[in-house]
Protein chains: 2
Amino acid sequence: MLRTEGLGMQLYDTADLRAELHQIGCRLTPQREKILKFFQNLPQGNHLSAEDVYQALRQRGENISLSTIYRSLKLMARMGLLRELELAEGHKHYELNQPYPHHHHHLVCVQCNRTIEFTNTSILKTGIKQAEKEGLHLLDCQLTIHAICPEALRRGWPSLLPSNWVCPRALNGTVTGVITQN
Amino acid sequence: MLRTEGLGMQLYDTADLRAELHQIGCRLTPQREKILKFFQNLPQGNHLSAEDVYQALRQRGENISLSTIYRSLKLMARMGLLRELELAEGHKHYELNQPYPHHHHHLVCVQCNRTIEFTNTSILKTGIKQAEKEGLHLLDCQLTIHAICPEALRRGWPSLLPSNWVCPRALNGTVTGVITQN
DNA sequence: CCCCTAATTTACAATCATTCGCAATAAAAC
DNA sequence: GTTTTATTGCGAATGATTGTAAATTAGGGG
Ligand SMILES: [Mn+2]
Ligand SMILES: [Mn+2]
Ligand SMILES: [Zn+2]
Ligand SMILES: [Zn+2]
């Protein structure tokens with residue numbers, strides 16, 4: 001569910017989580033609590049796969065099974081606590097769902113997967129309007145801009161690039177935490 | 001590559017396809033030609049998986065292997081002839097890439113997968129602007145609005161719905177061909 | 001036309017993310 | 001505490017997609 005309050009999920013505590021879980025007939029478990037807390041303490045701009053979350057928690061000594069990670073991520077995405085993203089990599093990524101005005105979108109290079117976040121309020125308005133027009137309840141609204149680094153283009157993309165070729169921009173990591181204004 | 005000419009892909013014929021394939025060191029094969037023609041003759045609003053394309057062509061007596069379908073769809077998406085869509089179903093969908101002003105976006109119910117297309121010119125402008133700002137080459141730009149039918153909400157979503165429950169709206173098919181104006 | 005070479009197709013195996021089945025465990029309602 | 005039923009964890013299963021290697025074919029140059 002798209003959250004329209006002005007507060008971030010950081011202020012969403014254990015009691016709130018329990019309440020919201022109970023509302024839909026679910027229970028608060030240590031696993032669910034830890035997973036949500038983990039996302040709440042993650043720096044902005046991280047987009048993690050289920051496997052990423054699994055490894056990160058395991059390193060902290062938490063031993064939550066991968067199945068449970070998958071189940072929890074899906075549940076929390078449905079509940080609107082997390083956002084499920086389809087970037088360009090063959091697996092889903094998750095981030096904390098930050099309501100308006102922190103709601104944002106993604107620009108991603110299909111070659112190096114570098115991902116840049118940006119905000120744009122009119123897009124959310126479009127989503128609200130379209131859902132209302134069709135009589136549906138809005139859950140999320142994501143503009144994904146697929147792009148390609150000029151370095152890759154010069155090397156012959158969209159033909160196959162040499163399998164060992166890595167986009168130089170990928171070196172800064174595949175994710176930037178900077179949210180640029182529209 | 002995002003195509004900005006005013007013509008639809010319908011007017012993209014065999015010679016054009018050959019030329020564009022040769023430009024990137026690829027060959028024109030009967031398989032590729034048939035797959036593109038298939039999409040060019042598909043009614044607006046269809047979003048097909050690789051398996052869908054495979055079955056449809058097979059029914060027409062064309063025997064193209066599933067592997068080839070996968071590879072061709074990916075190649076043509078890279079070339080900008082097709083658009084690769086991440087709707088809500090666990091597999092990719094493809095449609096003919098219609099350049100501006102036919103460029104459109106999708107509103108999809110995460111329960112019944114009903115998909116509604118709509119146009120909005122300002123979103124494409126946003127995509128162009130963001131890609132330029134970051135110095136990347138724009139490929140595609142898709143607003144995907146995730147929503148839920150009120151019928152599903154009333155039945156308890158986001159808790160698990162009875163496994164046999166089907167959204168009544170799914171009966172009209174999961175896709176509508178109508179493009180509504182923004 | 002014919003030849004040559006590299007691109008492509010094909011059948012099939014393999015991979016990878018994700019889900020499922022089920023016995024064991026543990027919330028939370030009473 | 002007891003009971004109920006959601007949840008976990010494990011391994012197996014699934015399903016979309018990709019890889020492999022041999023056979024085929026497109027298309028450029030004679
Ligand atoms: Mn993000
Ligand atoms: Mn469409
Ligand atoms: Zn790149
Ligand atoms: Zn629905």
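Below, read A as the first sequence line, B as the second, and so on, with proteins coming before strands; counting in each chain starts at 1. Heavy-atom basis, side chains included; hydrogens, waters and symmetry copies ignored.
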**OP:** Assign each of Glu51(B) and Ser65(A) to its nearest nucleotide of DNA chain D by heavy atoms, then name whichever residue's nucleotide is nearer the 5' end.
**Re:**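 Going by which nucleotide is closer to the 5' end, it is Ser65(A).
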
Original post:
Which residue lies toward the 5' end of DNA chain D, Ile64(A) or Ala50(B), if each is placed at its nearest nucleotide?
Top reply: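 With Ile64(A) and Ala50(B) compared, the 5'-side residue is Ile64(A).
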
Original post:
To the side chain of Lys92(A), which of dT18(D), dG9(D), dT18(C) is closest?
Top reply: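 Of the options given, the side chain of Lys92(A) lies nearest dT18(C).
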
Original post:
Given the rule that I, L, V, M, F, W and Y join up when any side-chain heavy atoms are under 4.5 Å apart, are Val108(B) and Trp157(B) in one cluster?
Top reply: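 Cluster IDs for Val108(B) and Trp157(B) differ.
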
Original post:
Would you say Leu136(B) and Ile145(A) are hydrophobically clustered, going by side-chain heavy atoms of ILVMFWY under 4.5 Å?
Top reply: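 In one cluster with Leu136(B): Ile145(A), yes.
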
What's the [atom1]-[atom2] distance between [X] and [N], to the nearest Å?
X: Lys74(B); N: dG19(D); atom1: NZ; atom2: C1'; answer: 13 Å
X: Leu75(A); N: dA6(D); atom1: CG; atom2: P; answer: 13 Å
X: Ile69(B); N: dA11(C); atom1: CD1; atom2: C1'; answer: 15 Å
X: Ile24(A); N: dT5(D); atom1: CD1; atom2: P; answer: 18 Å
X: Leu66(B); N: dG19(D); atom1: CG; atom2: C1'; answer: 14 Å
X: Glu33(B); N: dA26(D); atom1: CD; atom2: P; answer: 11 Å
X: Glu89(B); N: dT17(D); atom1: CD; atom2: P; answer: 11 Å
X: His91(A); N: dT19(C); atom1: NE2; atom2: C1'; answer: 17 Å

Original post:
So, His91(B) versus His93(B), ring centres under 6.0 angstrom or not?
Top reply: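 Between His91(B) and His93(B), the centre distance is under 6.0 Å.
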
**OP:** For the residue pair Phe118(B) and His105(B), categorise the inter-ring angle as parallel (less than 30°), tilted (30 to 60°) or perpendicular (more than 60°).
**Re:**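 Tilted.
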
Subject >> Aromatic ring pairing His106(A)/His47(A), orientation class (parallel under 30°, perpendicular over 60°, tilted between) >> reply: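 Rings of His106(A) and His47(A): perpendicular, over 60°.
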
**OP:** Could you encode protein contacts along nucleotides 21-30 of chain C as a string, one character per nucleotide from 5' to 3', using B for base contact, S for sugar-phosphate-only contact and - for no contact, with a heavy-atom cut-off of under 4.0 Å?
**Re:** B----BBSS-

**OP:** Return the angle between end axes of the helix from dC1(C)-dG30(D) to dC30(C)-dG1(D), with five pairs used per end and rounding to 10°.
**Re:**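 Comparing the axis at each end, I get an angle of 50°.
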
**OP:** List in chain and number order the residues that pass side chain to side chain donor-acceptor pair (under 3.5 Å) with Gln142(B), two or more places apart in sequence or in another chain; answer none if no residue qualifies.
**Re:**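 Side chain to side chain donor-acceptor pair (under 3.5 Å) check on Gln142(B) returns Asp140(B).
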
Original post:
What residues, two or more places apart in sequence or in another chain, satisfy side chain to side chain donor-acceptor pair (under 3.5 Å) together with Lys37(A)?
Top reply: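 Side chain to side chain donor-acceptor pair (under 3.5 Å) list for Lys37(A), sorted by chain: Glu33(A).
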
**OP:** Give me the other members of the hydrophobic cluster that Leu87(A) sits in, counting Ile, Leu, Val, Met, Phe, Trp and Tyr linked by side-chain heavy atoms under 4.5 Å, directly or via other members.
**Re:**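 Grouped by the 4.5 Å side-chain rule, Leu85(A) form the rest of the cluster around Leu87(A).
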
Please list, one pair per line, the donor and acceptor atoms closer than 3.5 Å that link side chains of residues 66-74 of chain A to other protein atoms, with sequence neighbours excluded.
unit_1   : atom_1 : unit_2   : atom_2 : d
Thr68(A) : OG1    : Ser65(A) : OG     : 3.1
Ser72(A) : OG     : Thr68(A) : O      : 2.8

Subject >> Phosphate-side-chain proximity, Gln31(B) and dT25(D), N/O vs OP1/OP2 below 4.0 Å >> reply: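 So the side chain of Gln31(B) is outside the cut-off, no N or O lying under 4.0 Å from OP1 or OP2 of dT25(D).
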
Original post:
Does a nitrogen or oxygen in the side chain of Tyr70(A) sit under 4.0 Å from OP1 or OP2 of dT19(C)?
Top reply: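 For dT19(C), OP1/OP2 do not have a side-chain N/O of Tyr70(A) under 4.0 Å.
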
